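Here the structure is laid out as structure tokens; the discussion comes afterwards.
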Protein chains: 2
Amino acid sequence: MSEQKFCYKYPHPSVTADCVIFGFDGVSIKVLLIQRGIEPFKGKWAFPGGFMKMDETAEECAKRELDEETGLKNAAVEQFYTFSDVSRDPRERVITVAHYALVRLSEIKGGDDAASARWFAMDEVPGLAFDHDRILRMAVNRLKERICFEPIGFELLPEVFTMTELQNLYEAILEVKFDRRNFYNKMLKLGILSEAEPRPSGASRRTPTKYRFNAEKYTEMKQKGFRLEF
Amino acid sequence: MSEQKFCYKYPHPSVTADCVIFGFDGVSIKVLLIQRGIEPFKGKWAFPGGFMKMDETAEECAKRELDEETGLKNAAVEQFYTFSDVSRDPRERVITVAHYALVRLSEIKGGDDAASARWFAMDEVPGLAFDHDRILRMAVNRLKERICFEPIGFELLPEVFTMTELQNLYEAILEVKFDRRNFYNKMLKLGILSEAEPRPSGASRRTPTKYRFNAEKYTEMKQKGFRLEF
DNA sequence: GACAATTGCGTAAATATAACGCAATTTGTT
DNA sequence: AACAAATTGCGTTATATTTACGCAATTGTC
């Protein structure tokens, strides 16, 4: 037995931070999972995450663990719920502060520490370790809510994208279909898109306009209070 | 020194659950605070809350502490954020799972254990203990968001209420003014209100219609996905 | 070359929102 | 008692917004 040198008058739970990382490949939404190498749930897939240190916040912990386990650095993680069921970890009492983040698939390269990290399409996600199935459901709901009010979707696309790509993303997340022309109009009217390149005058209808997310205008609009409704 | 009998290989933070309790007196939104009797922050006001036991979830802890400290039982608390700043408690590392709930003022009677519990109007709240000022700001934001999508406001009113009372509540929470007639139409069109009494045929214009929240219709509507927008 | 698919740009109809009128009554004032 | 101010119920109208499509110019496919 190893030393048990941190002692308290009352029992304390362990605290972890986990990360639900969403990506988008142009067709469907994906989540990043790692395969557990140790018990419990050895061999099962789970979200990147781990124990919080005493000198870091939950968010810092989530980012550190994410980097350590997948090589993904400085993701814009956001806390969404704390899971505290008494028996969610068979070893001991562990509560976890769950986070989520949206990343471009290109940002995470294989290799690295991330030998066991893999993207799964939402409908291919296997049964997960611990209560991570529940965590995933809640993360997906939060993502759906959030994308209607903030243009977080842009974090999932390449810097430059077409309107069709943007629509595909929204349709994938919200699991609905939009009329192409109405979607087009609505997004343009919001004013948070800029044309990426001046569109070659040689026109050609079929070559789609490339857009880029305009963060300045977004900040402007947000203060006035706007909604990205669908 | 007391015994330190719970020992771990790695340091563990303490975990608490706190409750931001909102009430409404017909004019303004209030929060329930308790005055601290011990250090740190002795004499300062803070949210009800306390240390989590090993056999209860964060939510159960929040409810138990709320009952113990204010006599308020079975409030429908809902978790909204976990605060984990490293130095938020001067004694030791403490992370807190913050909850909020809406209660009818009538539900909480003075006396009890709650000698030191008091309602404060939002603009009378003093500087709070720990990082509770920040917690309050976030709770208020969450309340504003939420009331636009779910009729949680009804939890703050008596069972039977007039349209004017309902409007006052919305205006107090959102800090805006609505046109009385438009508010009236919008709420009625939602279909989640029922007339409480068949309105005495003796009419009399000035006596307002009493309504009651219709939970059945609400559940119905929620599945179709609706929005209480303003 | 025929044909389906994609893109840009509109337009008309259906809905929803916002602004406000008005009469019946009750409350408050003097 | 007389009168002004406030409250409630029930409308209406003007203005936006949302939704449902039309259509032509390409481009890619077979």
Side-chain angles (χ1 to χ4, degrees), chain A residues 26-27 147-149 151 157-158 160-172 174-212 214 221 224-230, chain B residues 26-27 147-149 151 157-158 160-172 174-212 214 217 221-222 224-230:
Chain A
V27 177
I147 203 171
C148 289
F149 296 93
L157 291 173
V160 164
F161 49 85
T162 67
M163 193 62 83
T164 304
E165 287 169 334
L166 184 60
Q167 181 176 353
N168 287 340
L169 171 60
Y170 271 84
E171 292 181 342
L174 297 172
E175 299 179 276
V176 293
K177 290 288 175 189
F178 300 113
D179 178 90
R180 179 181 60 82
R181 294 148 295 186
N182 291 338
F183 183 88
Y184 181 103
N185 289 332
K186 184 172 271 181
M187 289 306 297
L188 285 187
K189 201 173 47 174
L190 275 177
I192 54 178
L193 296 184
S194 316
E195 295 203 3
E197 302 143 38
R199 192 135 208 271
S201 60
S204 81
R205 273 289 174 86
R206 186 73 181 273
T207 311
T209 310
K210 300 275 194 180
Y211 295 95
R212 176 193 302 282
N214 184 335
M221 297 215 60
K224 294 184 205 158
F226 85 99
R227 300 219 182 131
L228 253 180
E229 293 190 24
F230 291 100
Chain B
V27 178
I147 203 172
C148 289
F149 295 93
L157 292 172
V160 164
F161 49 85
T162 68
M163 193 62 82
T164 304
E165 287 169 334
L166 184 60
Q167 180 176 353
N168 287 339
L169 171 60
Y170 271 84
E171 291 182 342
L174 297 173
E175 299 179 277
V176 292
K177 289 288 174 189
F178 300 114
D179 178 271
R180 180 181 60 84
R181 294 147 294 186
N182 291 339
F183 183 89
Y184 181 103
N185 289 332
K186 183 172 270 180
M187 288 307 297
L188 284 188
K189 201 173 46 174
L190 275 177
I192 54 179
L193 297 184
S194 316
E195 295 202 3
E197 303 142 38
R199 193 134 209 273
S201 59
S204 80
R205 274 289 174 87
R206 187 71 182 273
T207 310
T209 312
K210 301 274 195 180
Y211 295 96
R212 178 192 302 279
N214 183 335
K217 282 198 183 168
M221 297 214 61
K222 197 170 177 180
K224 295 184 204 159
F226 84 101
R227 300 218 181 130
L228 252 179
E229 293 190 24
F230 292 100

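Scope of the values below: all heavy atoms of this structure, side chains included, with no hydrogens, waters or symmetry mates. Chain A is the first sequence line, chain B the second, and so forth, proteins listed ahead of strands; every chain is numbered from 1. Computed from a prediction, not measured in an experiment: that's the story for all the values here.
For A:M163 and B:R180, each mapped to the nucleotide of DNA chain C holding its nearest heavy atom, the one lying further toward the 5' end belongs to A:M163. Looking at which nucleotide of DNA chain C each of A:D179 and A:T164 is closest to, the 5′-most match is held by A:T164.
Using a 4.0 Å cut-off, some side-chain N or O of B:Y184 falls inside it from OP1 or OP2 of D:dC10. Not one side-chain nitrogen or oxygen of A:T207 sits closer than 4.0 Å to the OP1 or OP2 atom of D:dT26.
Distance B:N168 CG to D:dT7 C1': 12 Å, rounded to the nearest Å. Distance A:L188 CG to C:dT7 C1': 13 Å, rounded to the nearest Å. Residue B:K189 contributes atom NZ, which lies 15 Å from atom P of D:dG11 at whole-angstrom precision. Between B:Q167 atom CD and D:dT8 atom P there is a gap of 10 Å when expressed in whole angstrom units. For A:N185 and C:dG10, the CG to P distance is 10 Å, given to the nearest whole Å. The nearest whole Å value for the distance from the CD atom in B:E165 to the C1' atom in D:dT8 is 13 Å. Computed from coordinates, the B:L190 CG to C:dT17 C1' distance equals 14 Å when rounded to whole Å. Atom-to-atom, CG of B:N182 to P of D:dT8 comes out at 16 Å; the value is rounded to the nearest Å.
Residues satisfying the side chain to side chain contact (heavy atoms under 4.5 Å, CB included) test with B:D179, not counting sequence neighbours, are B:R181, B:N182. Residues satisfying the side chain to side chain donor-acceptor pair (under 3.5 Å) criterion with A:S194, sequence neighbours excluded, are A:N214.
Listed candidates were D:dC10, D:dT18, C:dG8. Nearest to the side chain of A:K186 is D:dT18.
Remark: side-chain polar atoms of B:Q167 are paired, donor with acceptor, to backbone N or O of B:F178 under 3.5 angstrom.
Scanning both residues, B:Y211 and B:L188, for their nearest heavy atoms gives CE2-CD2, 3.8 Å.
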